There are 2 protein chains.
Amino acid sequence: MATIRDVARLAGVSISTVSRVLNKSGYVNIETEREVNKAIQMLKYEPSDVARGLTNKKTRTIALILPDIVNPFFPELSRAVEDVARTSGYTVIFGNSDGQANKEKAYINILKQKYISGIIFASHNLNRNDVEYLEKIDIPFVVLDRAPSQEGCTVVRSNNFEGAKLAVQHLLDAGCNKIAHIYGPQEINTAKDRLIGYEESVKNFKWYSPTLMVPGNFKLDGGMNAAHVLMERHPDVDGIFVGNDLMAVGALKTLLRLGINVPNQIAICGFDGIHLAEAVEPELTTIAQPIYEMGVLAADLLIKKIEGAEVDNRIYELEVKLVPRASTTKCI
Amino acid sequence: MATIRDVARLAGVSISTVSRVLNKSGYVNIETEREVNKAIQMLKYEPSDVARGLTNKKTRTIALILPDIVNPFFPELSRAVEDVARTSGYTVIFGNSDGQANKEKAYINILKQKYISGIIFASHNLNRNDVEYLEKIDIPFVVLDRAPSQEGCTVVRSNNFEGAKLAVQHLLDAGCNKIAHIYGPQEINTAKDRLIGYEESVKNFKWYSPTLMVPGNFKLDGGMNAAHVLMERHPDVDGIFVGNDLMAVGALKTLLRLGINVPNQIAICGFDGIHLAEAVEPELTTIAQPIYEMGVLAADLLIKKIEGAEVDNRIYELEVKLVPRASTTKCI
DNA sequence: ATATCATGTGGAACCGCTACCACAGATTTG
DNA sequence: CAAATCTGTGGTAGCGGTTCCACATGATAT
């Protein structure tokens, strides 16, 4: 591994000069620059990121902390982040927090020691303290989905409330007359917003009842169980808006097993827009979040912050989109 | 951020001594050690990984290069790698190569500059040159699934050949009398092994014909298309062994749409054991690879190599397991 | 009693790079 | 024409660690 000294020696200049051409900083004679570049080529020299990191306190590495990469929402998001990072010359470290605050804290610490350039938190548990700490140690960060109570964060998310209304409206348009909702853990903001959106949309219907809202855990089995509960409580529902696609697929399974025709007897609409929704039969209608775009935006914002550009510390809200598929297309 | 010097000053010793207690190297008086530790605690000191990296050429960071994290096989694998890494004090960088050799090369270069400690390649395109290069620059690595032609690599994979035989046998046991196979890209070793396993198992049956083998791309749509092709060619098949779960789910979709009863008219068996197989209805019988264990093993082996332990450069082959589910459980 | 060795500690070079400072000659400026 | 400014380059002090070497004791061996 050639070092900057080797290049300097070969080019017959000082290391300062090499550093200058490397960083395009300060004055360098065009001739000299050519010589240096020639030497760099000959030695196949590449500056050590680690040595740079030591002086700069920045390592062109960003971290992505998410609850669990196995949850199908996150791979696509990660892909987006990695794509942006790579093309911008960054590298990405990923960590699973399982939504546990201590794992997150531990990661923050490790990342600090590594002079990580910035962090993206996906649906996590940051609190005021964490935010203050991150600001104190001066690590730029962007939050996905969940806005810490404290203002002053850059947050990327999509419009869950409107999405929920969209879902209900779609089910109504599809001819449903009694629409239930399976909701996710209420500690999670997105789940809450979707629940509120549902409630708001249906509360004035005569058929509305609070018992139409059944809790789930945002996972497959949660959706399966919730659908069972729902069928016992309200055998007459003919439409279900499920808080996320994973649970919606679970609910679909339950209904199919019960011999219920989807969509003709009961229509289902999910939320998220993950690929899984297209894998099942009938394919799942869903309110699609622009997952990839969210990842891209988060990564872009983070990199802007890292590189010192002014970034509004506000909530960047992206629009969701109804994707109608077979699970809500009743055949007359 | 406290540095080692701060600790030394507070403890009233030299930085050499602090370094010694940090690394438990050399002699340190038990008293002194206590003092130093007290100072470390008081200052909340944590050594900088970057500075350490500069001297050690190692950064307690491993990289995981995979084709595409969006492919449902990889999140689980990644999770395993990250779990092991974290508990061993390592951090993981991940990169998507899309199976493109140039992206892989680019990553190797970047990782070298970052003094990465080691790399795990998942189903990638390493060739002799790459292997030689990695050995030359002395970066430990482990390969998943695909063994580069050159020997001397540590490879983790599962027994795809036996798995395929298991699948065929299971379909036969389930009462199938004409079994087709949808296979994956033959550049991929695993796909090839599974195809060979299939062929070997069925070639002596009178119903066997090479046209029972239909190509797919290891993706959902590939499975869908292949199933169509198959149904036109051989409307009388009553069992399909599909080269991976993703395509199997696609095939299942096609069959269901054609109004074919699965498993009664046609039974389906996939390969991989990804969660998706349980999300569909009927649930998919599959030959499960121990995905998580493979990740754990790969990470363990890599870390052993990094830390200088002797690791056999051989193929570590794990057993697959038949997981019978509804898609092959014919009702009489 | 002297040589040898295990124990304990500090000094300083070095890892590879950046950035500040100093210096010198060429150009501008007032 | 002296002063100020621009251009171009080299020297060197860090960044925060690790590690080798030197040195001082007290204990053990010969």
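In this text the structure is predicted, and so the values were computed from the model without any measurement. Within every chain, numbering begins at 1; the chains are lettered A, B, ... in the order of the sequence lines, protein sequences first and strands thereafter.
- At a threshold of 4.0 angstrom between heavy atoms, the contacts of Ser16(B) include nucleobase atoms, whether or not backbone atoms are also involved.
- Using a 4.0 Å heavy-atom criterion, one finds that Val13(B) contacts the sugar-phosphate atoms exclusively.
- Using a 4.0 Å heavy-atom distance criterion, Ser25(B) is classed as making no nucleic acid contact.
- Residue-level contact check: Ser48(B) touches the backbone only, with heavy atoms under 4.0 Å from sugar-phosphate atoms and none from bases.
- In this structure, CD of Glu33(A) is placed 11 Å from P of dG8(D), rounded to the nearest angstrom.
- Where Ile30(B) and Ile4(A) meet DNA chain C, the nucleotide closest to each residue was compared, and Ile30(B) sits on the side nearer the 5' end.
- In this structure, OH of Tyr115(B) is placed 5 Å from P of dG16(C), rounded to the nearest angstrom.
- When each of Arg5(A) and Arg20(A) is assigned the nucleotide of DNA chain C bearing its nearest heavy atom, the one mapping closer to the 5' terminus is Arg5(A).
- Judged by a 6.0 Å distance limit and a 45° cone about the ring axis, Arg86(B) is not positioned over the six-membered ring of Tyr90(B).
- Nearest to the side chain of Tyr27(B), among dG10(D), dT9(C), dT18(C), sits dT9(C).
- Rounded to an integer number of Å, the gap from Arg34(A) CZ to dG8(D) P is 13 Å.
- In this structure, Glu46(B) reaches the sugar-phosphate backbone alone: every heavy-atom distance under 4.0 Å involves primed, P, OP1 or OP2 atoms, never a base.
- At least one cation-pi condition fails for Lys112(A) and Tyr133(A): the charged atom is not both under 6.0 angstrom from the six-membered ring centre and inside a 45 degree cone around its axis.
- Lys57(B) places its NZ atom 5 Å from the C1' atom of dC15(C), with the value rounded to the nearest Å.
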